[in-house]
Every structure is written in structure tokens, then in C-alpha cells.
Protein chains: 2
Amino acid sequence: MASQAADGPDTVVASRRSKITPEREREFFDAVLEQIRECGYDAVTMEGVAATTRCSKSTLYRQWKNKTQFVVAALRANRRARFAGIDTGSLAEDLRRAARAAGEWSGKDTRLLQALGHAITQDPELKRALRETLVEPEVAALREILRRGVERGEVRADNPALEYVPAQMFGVLRIRLVLDGEYAGPDYMVRFVEAAVLPALGLD
Amino acid sequence: MASQAADGPDTVVASRRSKITPEREREFFDAVLEQIRECGYDAVTMEGVAATTRCSKSTLYRQWKNKTQFVVAALRANRRARFAGIDTGSLAEDLRRAARAAGEWSGKDTRLLQALGHAITQDPELKRALRETLVEPEVAALREILRRGVERGEVRADNPALEYVPAQMFGVLRIRLVLDGEYAGPDYMVRFVEAAVLPALGLD
DNA sequence: TCATCGATACGGTACCGTACCGATACGGCA
DNA sequence: TGCCGTATCGGTACGGTACCGTATCGATGA
């Protein structure tokens, strides 16, 4: 958080004298995200995080103004782009890889999204943080996969199904818990892509 | 439910002498469901429902043991089957109608599902009630639409895309808020069906 | 007549965010 | 290099707020 100072990226924080190491900070972030996954956003408490990380509430409140800021910081620190490395040269195979990767987080990011699903409708800042960290990077990577497929001529640029691929993937990923009572795993996602997404794109 | 009546010679059924009319009960149910949609399940309070319906907490607690039972009762009373009447004789048209109908609830059932999304992972009873009232009737109706299409020979019974139609419909419906910041309306859903679902089924 | 109504008061619990406490380790300076 | 000054540490106590679920009340209507 303080490391986003105006100077270089890895410049040591000169102003703050916090004794909290980056590893310790990550413990806080991991703890709060896990509590969100387990209990839901509303039920997460600063006291709970303090207890599980064996720090004091004071410490948390010294670093972050309130729960929202704390969670936003945790989300931002958790940003990753899981689809980014996928580029096999074949659109169908790229989509299979993406489906597999998506299915593999079900125990993590999907639960997080599930737990934050309603909170983001109430807190714009939280919504923005979630979109920037969990949604947009993955959607962008997925659209990049599709763009390369179009560029290679595997699918026509005006295929209307292209637009809905991200919604299909993330939608199916997320709805399975409600429909079937379990999270969508890699196998399920790959089967879904092969059965529904690829045919709609005119691929096999 | 208030009667433990193990010893009383009186009626076991506890002759419901409640002055609460069915219309009044529906006010309670509507109020609690609307509060869930607006504030989320965790944030709903019996005091809030009592206030907005201008009844007393005592009244609510006389009828229902606690918040969970109250919400479960409200869900059960809200059960409907919105896809049930759809039968145009054409699978493609049936799916368009279903998509339009689905898009039309976005302001209601989808928000409810969104708000309950995490709560159902914690409370099995709530999960079951939600599935029985919001999920299963619609999925069953949708599968019935598909079954008729197969029967008419519009799509082969072994088309693997068949299995994923419900997941796609409800998944896309639900994920749009996260992806695009707005709920999926009827037009969006119809376009999605025409662009992705029908092609995967080999229609059009 | 009397159970149920709405209203309200109650004790209990939980968490917020702040304030205060010694203990400690960082970091500037001799 | 070694020693202090001091900010931050973990722990805890605090007042304030909110809601739970129960109990009690006079009024009401089947």
C-alpha cells in the first residue's frame, strides 16, 4: 500500500516506519480473504482477522482506515492474471486450457466472487477493486485468446458467439454451485467448452 | 409450529387462531425478500422487517422460530414456475421466450439469488429452499422445453450441448452484473441465446 | 372471553473504532 | 560499532451501536 509511493517501484518506504514485513502483510491479506470465502463479506470482522493472525486490532486500524479499505487492499495485492500465459497456437486448445485453469480456481477465486457477490452491489469501491483484480484481467486475457483465434482465421470476426464467451465461461463456473450443489471443476469446464462453446464458434 | 403439544388433550394442530390474513402474511414475505435483495441476507433483521411492515417483532417470532425459518417460509410462498407455460412448438422460439422471461426477472429473482448466493453455502436448509423454489422448477421447465425439441427431432438427443443449456442461461443471467456492471435484460438474453445457445444446438 | 395483536422494554451478545498500556526493535547519531 | 530515543508492536479496556430473542403490557376482535 505505502509502496505505491512516487519514487521507484522497489524503493524502500522511507516515510513509514511500519514493522510489518511484506510477508506479514500477506498473512493479513490471506486471512481476510479466507474469512470472506468462509463466512461472507458481511460476517468478516476485524477482530476475527486480528485473532487468526495474532495481531491486535490496533495494528490493522493503523494500516487501513476500515474494513472496506482493508479488503480492497487485500484484493489488490491478490491480483493475478491466470489466463495470461495461455497461447498454444490453436483457439480450441487455448479455450480448453482456459477452461481447465478456470475450473482449478473454483476453490479460491470463485468462492471469493460468490462471497463478495452481493457486497459489490452496495459498495462501489469494493466493486471496482473486485473488477480490477478478479474480473477484468481474466476477461481481457480471454478476449486476447479469442482475438488471436480470429487473427489466425480460425473463427470469423463477426461471429456473434465471440462476444458471449467470457460470460459463458464465468457464468457457468459460478452458477454450478447453485444448480448442482458443487463447484465446477476442470473436467466439467473442459467438457462444457467442448460441448457448447466450441460448437457455437464453429470449432470442433 | 408453536405447539409442542405432547400432553395437552387439546388439538395437536394448535388450531391456528392467528389473526394474520394470507394477504398480511404475503406482506411479511414480500418485505423480507425485498430486504434480502436490497441489503443481503446477513444484513436482514427481524426488526427491519417488523418496522417496514409495521408489525411487532413478537408477531414475527410467534409465527416463525427465527430468521432462517422466516426466510425459508417466504421463499416457499414465493415459488413460481416462470418457464412453465412456454410451448410454441419450436425449440428455438421456446428458448427465445425462455430467455426473454429470464431477462425480465433480473430485477427480482436474480437479485434474490445474488443476495442469497453465499448464505446458501452456510445454511443447508436455506439452500434446499432456494433450490426448490427458484432453481429446480425453472431448470425442470427448461429441460422440458429441450426434451420436447428432441422429441420433435429438432435436435439430436445425444447433442452434448443440451446438458449445458440451463447452466448457460442462468450463469450468463447471473454473471452479467459482475462482468458489465448491469443486470442482463430480455434483449441481452435473447441475443445470447441466438448467438451462442442455438448455434451450439445446431439450430438456425 | 381470551388468544393474538402492536408496542416496547429488557438482558445478552457481538463488533465497531479509539485509546491506553508496557515491550520491543528500528534507525539515527556519537 | 554500539547505544538511545521513539514509533510501532501486541494486548486490552472502553463506550457506542445494533440486533437477537424473550417478556410484558393494554387494546382488540373472533
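Lettering of chains follows the sequences in order, A, B, ..., and the numbering in each one begins at 1.
- Rounded to whole Å, atom P of C:dA14 lies 18 Å from atom CG of A:Asp42.
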List, one per line, each side-chain donor-acceptor pair under 3.5 Å for residues 28-39 of chain A, sequence neighbours excluded.
unit_1  : atom_1 : unit_2  : atom_2 : d
A:Asp30 : OD1    : A:Arg26 : NH1    : 3.2
A:Glu34 : OE1    : A:Arg37 : NE     : 3.0
A:Glu34 : OE1    : A:Arg37 : NH2    : 3.3
A:Gln35 : NE2    : A:Gly48 : O      : 3.1

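- Straight-line distance from the CD atom of B:Gln69 to the P atom of D:dG21: 11 Å, rounded to whole Å.
- Between B:Glu194 and B:Arg191 there is no salt bridge, since no side-chain N of the basic residue sits under 4.0 Å from a carboxylate O of the acidic one.
- The side chain to side chain contact (heavy atoms under 4.5 Å, CB included) search around B:Arg143 returns B:Val139, B:Pro166, not counting sequence neighbours.
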Pairs under 3.5 Å (N/O, protein and nucleotides 10-13 of chain D):
unit_1 : atom_1 : unit_2  : atom_2 : d
D:dG10 : OP1    : A:Arg24 : NH2    : 3.3
D:dG10 : OP2    : A:Thr59 : OG1    : 2.2
D:dG10 : N7     : A:Ser56 : OG     : 3.2
D:dG10 : O6     : A:Arg62 : NH2    : 3.4
D:dG11 : N7     : A:Ser56 : OG     : 3.4
D:dG11 : O6     : A:Ser58 : OG     : 2.6
D:dT12 : O4     : A:Ser58 : OG     : 3.4

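- Across the protein-nucleic acid pair, B:Asn66 atom CG and D:dC19 atom C1' stand 14 Å apart, rounded to whole Å.
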Atom pairs, protein N/O to nucleotides 22-24 of chain C N/O, distance under 3.5 Å:
unit_1 : atom_1 : unit_2  : atom_2 : d
C:dT24 : O2     : A:Lys19 : NZ     : 3.1

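- At a threshold of 4.5 Å between non-hydrogen side-chain atoms, the residues B:Leu113 and A:Ile175 count as touching.
- We find that B:Glu144 and B:Arg148 are joined by a salt bridge, their nearest charged nitrogen and carboxylate oxygen being less than 4.0 Å apart.
- The pair A:Glu104-A:Arg100 does not count as a salt bridge, with every side-chain nitrogen at least 4.0 angstrom from each carboxylate oxygen.
- The interatomic distance linking B:Phe70 (CZ) with D:dC20 (C1') rounds to 15 Å, in whole Å.
- When rounded to the nearest whole Å, the span between OH of B:Tyr61 and P of D:dA23 equals 13 Å.
- A salt bridge does not link A:Glu125 with A:Arg128: every distance from a Lys NZ or Arg NE/NH1/NH2 to an Asp or Glu carboxylate oxygen is 4.0 Å or more.
- Across the protein-nucleic acid pair, B:Gln63 atom CD and D:dG21 atom P stand 16 Å apart, rounded to whole Å.
- Residues forming a side-chain hydrogen bond (donor to acceptor under 3.5 Å, both in side chains) with A:Asp123 (at least two apart in sequence, or on another chain): A:Thr68.
- Applying the side chain to side chain contact (heavy atoms under 4.5 Å, CB included) test to B:Ala161 and every residue at least two apart in sequence or in another chain returns B:Asn159, B:Ala200, B:Leu201.
- When the P atom of D:dC20 is taken as reference, atom CH2 of B:Trp64 falls 15 Å away, rounded to whole Å.
- Whole-Å rounding puts the A:Tyr41 OH to C:dC16 C1' distance at 13 Å.
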